[in-house]
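Labels below follow one simple rule: chain letters A, B, ... track the order of the sequence lines, proteins then strands, and each chain is numbered from 1.
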Amino acid sequence: MEPPAIRIQDLTRVYSARKGFLFNEVVRTEALRGVNLEVRRGEIFGLLGPNGAGKTTLTKILATLLLPTSGRAEVLGLDVAKEAYRIRPRIGLVLGGERGLYNRVSGRENLRYFADLYGIELAGRDRRIDDMLQLVGLSDAADRRVEEYSRGMKQKLHLARGLLHDPEILFLDEPTIGLDPKSARETRKFVRSLVAGGVTIFLTSHYMFEAEELCQRIAVLTRGRIVATDTVAALRGLVGGDRTIELEGHDFEDAELDRLRRLPGVSRLLTEEFGPLERITLRVRGLEVDLPRVRSSLPGRPQIEIRERRTSLEDIYLDLVEEEAL
Amino acid sequence: MANASGTRLRALSASTRLAFLSFLADPQWVIPSTIAPVVFGFAAFELYRYAGPVLVLEAVLGAAMMSMWGQTLYGSGWATGQDRELGTLEPTLTTPTPYLWVVSGRVIVNAITGLVGGVLVYLVVAAAYRRPLPVEQPLTFAVLFIFVLLTLASVGVVLAAVYVYTRYAGFIQNFGEFAFYIGTGCMFPVILLPFWTNPIALLLPPTWALDALRYATLPGYVGFSWGLYWDIAGAVATTLIYIGIAGTIFRRVEQHVLESGNLGDY
Ligand SMILES: Nc1ncnc2c1ncn2[C@@H]1O[C@H](COP(=O)(O)OP(=O)(O)OP(=O)(O)O)[C@@H](O)[C@H]1O
Ligand SMILES: [Mg+2]
């Protein structure tokens with residue numbers, strides 16, 4: 001049987017950074033704390049998590065740029081720690097951002113350089129580069145220096161480079177970060193179109209809507225642990241009959257929060273601050289608690305704003321991430 | 001589509017090409033590689049113009065060496081530091097090409113610009129002096145001249161490995177550069193240095209090659225007492241050792257950076 005695209009078992013990664021004037025202080029960061037995951041061939045898999053969750057760390061381990069501290073990770077059935085040189089020609093990595101390109105030469109020269117490092121057949125190389133430039137929509141700017149490119153154009157060039165050698169798996173670390181909504185949308189559309197060509201995609205994001213739109217399956221990573229892995233449909237099922245009630249006001253007291261928490265059917269209470277404004281979000285099961293009931297539990301606050309809305313996948317994601325943080 | 005075994009020579013030529021294009025695109029490099037040698041040359045000429053052709057030649061050699069040293073050694077390490085700064089080290093290491101081949105391509109470009117710089121110094125001084133500067137053994141000189149570049153390049157490759165290892169390599173390089181200049185005999189013959197420095201200097205291939213080059217260039221030169229041929233033998237041996245360990249060093253360094261996870265630092 002063909003091995004899965006990615007198989008990860010009990011993977012951990014600890015960074016030891018030296019700090020201080022004489023580098024004599026060692027700071028240990030546990031970026032991954034026992035990750036288990038399997039990604040099938042041909043799927044778009046989304047790894048979702050807040051800042052510092054370990055997404056980039058996991059992506060780099062899978063792309064053979066970083067070694068695991070313990071555990072095992074296989075890409076296309078090959079061990080990332082021992083068979084990196086056999087994995088590299090078969091995967092593409094897009095770290096994105098402003099960096100990672102040779103700014104003083106043209107986009108085409110960048111691609112040509114990497115095509116040569118990948119050993120793409122000479123006869124088809126220039127043709128392939130043209131095709132990739134066309135695919136990402138950079139044909140017109142191909143011969144301009146990269147330093148003149150906008151952020152979005154650089155991202156396109158990153159994508160073109162990641163695809164040059166026709167990889168079986170493409171790793172995309174936050175492919176839309178820093179892009180305006182239009183470019184982000186184009187990028188998502190582009191990513192979706194790739195799957196038709198049979199490539200497996202492993203992408204990270206901290207937007208649930210992005211993962212929801214693109215991915216068949218999603219894993220939520222927070223503080224180095226996977227707290228949920230499922231299809232988008234199943235995650236939606238988790239939402240079930242849950243309702244979400246939001247309250248906005250100033251300076252809520254602990255006693256008031258306690259009273260809200262004790263209302264029947266309230267499964268979670270989240271607080272967020274927006275400048276001077278505080279927002280309380282209640283996740284409620286069943287119909288027992290309605291808006292008047294919530295209002296009456298906060299006597300002496302007639303001015304408060306209360307509303308109910310559909311529980312979204314984004315809410316579920318925030319719940320998962322918050323839970324782990326507690 | 002990609003093919004790991006066939007990539008090495010392609011990578012070498014790609015890296016040479018990119019280094020050349022980047023060189024042309026960056027005035028920062030055009031200046032030290034063309035103007036600096038001319039300045040060195042004039043300075044050498046002014047200092048020694050009345051001291052006779054041998055001393056002028058010696059000065060020219062010193063100036064040419066400084067120019068080559070800067071280009072070949074400094075350039076190779078610097079380019080890897082640049083990869084760190086640009087963030088291109090990570091994408092480069094995700095390709096199936098060992099990084100050593102990328103560095104080697106750059107070393108070729110740097111060696112060529114270093115060579116051009118060295119020749120420029122000679123031409124400038126010969127023109128200013130208005131007579132040819134006779135070289136003792138022209139053929140040996142030509143061969144050794146190239147060979148000196150090779151020995152400098154071998155040190156450059158090892159230095160590039162240090163840049164892959166840590167972003168603090170620039171610190172090491174700035175600190176060590178001047179010592180290297182003097183210690184290997186770029187500026188003036190090593191034999192003039194205190195005796196205790198010689199064993200250290202002999203660990204570096206350029207020391208041998210530079211002494212050999214002086215034997216071949218300067219009439220009546222007295223360097224290491226073992227003479228020209230042992231100098232050449234020593235240079236060949238140390239260079240082979242450097243080239244031999246370069247591959248190992250790069251493998252070790254790669255293993256280290258994958259463990260420590262500092263590839264993205266800049
Ligand atoms: N090179 C490094 N040295 C030391 N610690 C690191 C290093 N890289 C990451 N970390 C730490 O490891 C943890 C995980 O970082 P990582 O970059 O993988 O998170 P992330 O999910 O990609 O976050 P973001 O959404 O901000 O990109 C963080 O606590 C981070 O500070
Ligand atoms: Mg990240």
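- Between chain B and the options A:Leu65, A:Ile61, A:Ile91, A:Asn110, heavy-atom pairs under 4.5 Å are most frequent for A:Leu65.
- In this structure, B:Glu259 places its CD atom where more than 12 heavy-atom neighbours from other residues, nucleotides or ligands lie under 6.0 Å away.
- Taking chain B as the reference chain and counting heavy-atom pairs below 4.5 Å, the highest number among A:Ala63, A:Gly100, A:Gly162, A:Pro167 is found for A:Gly100.
- When the candidates A:Ile87, A:Leu67, A:Val94 are compared by the number of heavy-atom contacts under 4.5 Å with chain B, A:Leu67 comes out ahead.
- Within the 4.5 Å cutoff, the side chain of B:Thr95 has no heavy atoms near those of the A:His165 side chain.
- Interatomic distance, B:Leu93 CG to A:Thr64 OG1, rounded to the nearest 0.5 Å: 8.5 Å.
- Note that the OG1 atom of B:Thr97 and the CG atom of A:Asp116 stand 9.0 Å from one another [nearest 0.5 Å].
- Summarising the local packing, CZ of B:Arg252 is surrounded by 12 or fewer heavy atoms from other residues, nucleotides or ligands at distances under 6.0 Å.
- Within the 4.5 Å cutoff, no side-chain heavy atoms of A:Leu66 are placed close to those of B:Leu258.
- Within the 4.5 angstrom heavy-atom criterion, only backbone atoms of A:Ala115 (N, CA, C, O) approach chain B.
- When heavy atoms are compared at a cutoff of 4.5 Å, A:Arg145 approaches chain B solely by way of its side chain, counted from C-beta outward.
- With values rounded to the nearest 0.5 angstrom, A:Phe114 atom CZ is found 4.0 Å from B:Thr92 atom OG1.
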Exercise for the section: Test B:Thr94 against A:Phe171 for side-chain contact (heavy atoms from CB on, under 4.5 Å), laying out the working first. Expected result: CA-CA 11 Å; B:Thr94 41; A:Phe171 293 95; over 6 Å; no
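- Between chain B and the options A:Asn103, A:Thr69, A:Leu93, A:Leu122, the largest number of non-hydrogen pairs under 4.5 Å is found for A:Leu122.
- Annotation: the span from B:Arg17 atom CZ to A:Arg112 atom CZ amounts to 3.0 Å, rounded to 0.5 Å.
- Residues B:Ser22 and A:Val105 have side chains in contact (heavy-atom distance under 4.5 Å, counting atoms from C-beta outward).
- Of the residues considered (B:Ser15, B:Ala25, B:Ser13), B:Ala25 shows the highest number of contacts with chain A, using heavy-atom pairs under 4.5 Å.
- Heavy atoms of other residues, nucleotides or ligands lying less than 6.0 angstrom from CZ of B:Phe20 number 12 at most.
- Taking CG of A:Leu117 as the start and OH of B:Tyr99 as the end, the distance is 10.0 Å to the nearest 0.5 Å.
- Looking at heavy atoms from C-beta onward, A:Glu109 lies in side-chain contact with B:Leu21 at the 4.5 angstrom threshold.
- Shortest non-hydrogen contact noted between B:Arg84 and A:Arg99 is O-NH2, 2.8 Å.
- In this structure, the portions of A:Tyr113 lying under 4.5 Å from any heavy atom of chain B include both its backbone and its side chain.
- The side-chain heavy atoms of B:Glu90 and A:Leu95, taken from C-beta on, include a pair separated by under 4.5 Å.
- B:Leu86 places none of its side-chain heavy atoms less than 4.5 Å from the side chain of A:Leu101.
- With rounding to the nearest 0.5 Å, the separation of CD in B:Glu254 from OH in A:Tyr85 is 3.5 Å.
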